[in-house]
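Lettering of chains follows the sequences in order, A, B, ..., and the numbering in each one begins at 1. Quick caveat: nothing in here was measured; it's all calculated off a predicted structure.
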Amino acid sequence: MVSLGQKPTVTTYSILLHGYAMEQSFHEMHCLIDLMVGNGIAPNHFVYNILISAYAQEETVGEVMHIFTKMRQEGLNPDVANYGAVINLLSSIGRMDDAMSQYNQMITEGLLPGIIVFTPLISGFCSCGKWEKVDELFSEMLDRGICPDTVFFNTVMDHLCKNGRVIEAQDLFDLMVHMGVKPFVRDYNTLIHGYCLVGKMDEGRKLLDNMCSIGLKPDDFTYSILIDGYSMKGRIGDALIVVREMLDRKVKPSIITFNIMIGALLKGGRKEEAKDLFDGIWAKGLVPDVVTYRLMIQKLIEEGSLQDSDDLFLSMEKNGCVADSRMLNAIVRSLLQKGDVPRAGTYLSKIDERRFTFEASTASLLTSLASGGKGQEYKELLPEEYHSFLEQGTG
DNA sequence: GTAGGGTTAG
């Protein structure tokens, strides 16, 4: 474009900038902005918002606030979207006082907050359980004539569900329908998840039929949620019925569906079937993820196939799947429970090398095992940095 | 007519 003599506009730059933002290439973003400014084009609200949102994703509050201040210094007063991005960041990290003062500031400046400001604010208050603030802001939003939309309802319903308040979520769902906002598959999934979390499987099951009857097609989320719900209640048979239904309706299972099923079968002691499912993953065009491997490795450790578990760990890394903190901690706990302290030590070292956290449940397991009078023996087998856990006893 | 924001499963 440039070589043809065309001059990129600020829009051209911001499109490219957004691309870099999506791949979190901060250096490239700054180079591009320098180039733009060098060509005599001043950054506008869009450019600033792409920058703010990119840093917000990294939760680098200092940098976000710095950019926010800088745009003002450059004579560009933040618009509603800029405030929305900042309020979203502050709310998502629980700094509700700061989020509210930004909200008040934008009102003072004469800006009209929209749904894009209220969704993160209310979501933030949901996260910290300030339900009275949620009600208050919801009323204020309606008073301002702002219509809640599908994302808003879904966000609040999800928070209610995750706090066991599925009845209130159902009320909100009904209100949504009453206000003429059409529920989508996602809304049903959220609500079904809510019923599953409190063990009301029949209600969840009813909703699945309900959504079908109004022409919505359940997706892999819908089925995975229900399968997980049944398996959490130990109803493996019912879980398998849902799996059958899912396959009959030609809904493709995701790797997470497989993980849920493998987890359910293992919990039910059906190791062979779990292994068969694992082996069948590739044929479905899927690849196991870190959770799949964690489940299978833990299974191997529990049944004492320690060499096989090591082999699976190696082939996992060879396949480009990297162990995360949760997996390594789980492996260490399984090995300790199995009494293989040297092997546990090997995986402990990996936690160390990768600067992962040593989970509290792993630490307390180590401490309680050592208090059985074998502290000295454990000491010889474990890396030095873990000796302190062996000396605490059970307290 | 070109660009930025808020949400589900292990």
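Protein atom CG of L51(A) is 13 Å distant from nucleotide atom C1' of dA3(B), rounded to whole Å. Rounded to whole angstrom, the span from the CG atom of D79(A) across to the C1' atom of dG4(B) amounts to 8 Å. Rounded to a whole Å, the CG atom of N49(A) is 12 Å from the C1' atom of dG6(B). Distance, F184(A) CZ to dT7(B) C1': 13 Å, rounded to whole Å. In this entry the distance linking CE of M176(A) with P of dT7(B) reads 17 Å, nearest Å. Here dG6(B) presents its C1' atom at 13 Å from CD1 of I146(A), a figure rounded to the nearest Å. In this structure, CD of Q6(A) is placed 13 Å from C1' of dT2(B), rounded to the nearest angstrom. When the P atom of dG4(B) is taken as reference, atom CG of L89(A) falls 20 Å away, rounded to whole Å.
For dA3(B), neither phosphate oxygen OP1 nor OP2 lies less than 4.0 angstrom from any side-chain nitrogen or oxygen of H18(A). Within the structure, every side-chain polar atom (N or O) of K162(A) is placed at least 4.0 Å from both OP1 and OP2 of dT7(B).
As judged by a 4.0 angstrom heavy-atom cut-off over every strand, S53(A) is placed among residues touching the sugar-phosphate backbone only. L295(A) comes within 4.0 angstrom of nothing in the nucleic acid, heavy atoms only. Within 4.0 Å (heavy atoms only), D289(A) reaches at least one base atom of the nucleic acid. Nucleic acid contact for A81(A): base, since at least one base atom lies under 4.0 Å from a heavy atom of the residue. Base engagement by S254(A) is indicated by at least one non-hydrogen atom pair under 4.0 Å involving a base atom.
Between the NE2 atom in H159(A) and the CG atom in N163(A) there is a gap of 8.0 Å [rounded to 0.5 Å].
Looking at the side chain of I15(A), the nearest of the listed nucleotides dG6(B), dT7(B), dA3(B) is dA3(B). In this structure, of dA3(B), dG4(B), dG6(B), it is dG6(B) that holds the atom nearest to the side chain of V151(A). Comparing atom distances between the N154(A) side chain and each of dA3(B), dG6(B), dT7(B) picks out dT7(B) as nearest. Which of dG6(B), dT7(B), dA3(B) sits closest to the side chain of D158(A) comes down to dT7(B). Residue D149(A) places its side chain closer to dG6(B) than to any other of dG4(B), dG6(B), dA9(B). Residue H193(A) has its side chain nearest to dA9(B) when only dA9(B), dA3(B), dG6(B) are considered. Of the candidates dA3(B), dA9(B), dG6(B), the closest approach to any side-chain atom of F46(A) belongs to dA3(B).
Ionic pairing of R333(A) and E359(A) is present here: one or more N-O contacts between side-chain nitrogen and carboxylate oxygen are shorter than 4.0 angstrom. A salt bridge links R354(A) with E317(A); the closest basic N to acidic carboxylate O contact falls under 4.0 Å. Using a cut-off of 4.0 Å between Lys/Arg side-chain N and Asp/Glu carboxylate O, E109(A) and R72(A) are scored as salt-bridged. Ion pairing of E136(A) with K133(A) is present here, as a side-chain N (NZ or NE/NH1/NH2) and a carboxylate O approach within less than 4.0 Å.
For the segment residues 203-234 of chain A, residues with any heavy atom less than 4.0 angstrom from an atom of DNA chain B are, sorted by number, D220(A), F221(A), S224(A), I225(A), D228(A).
Side-chain atoms of N44(A) come within donor-acceptor range of the base of dA3(B), with a qualifying N/O pair under 3.5 Å.
Proximity of K271(A) to L265(A): side-chain heavy atoms (C-beta onward) are nowhere separated by under 4.5 Å.
Put simply, the side chain of D158(A) never gets that close to the backbone of N154(A): no donor and acceptor are under 3.5 Å apart.
Applying the ring pair (Phe, Tyr, Trp, His ring centres under 6.0 Å) test between F173(A) and each of F153(A), Y188(A), Y195(A) identifies Y188(A) as the sole match.
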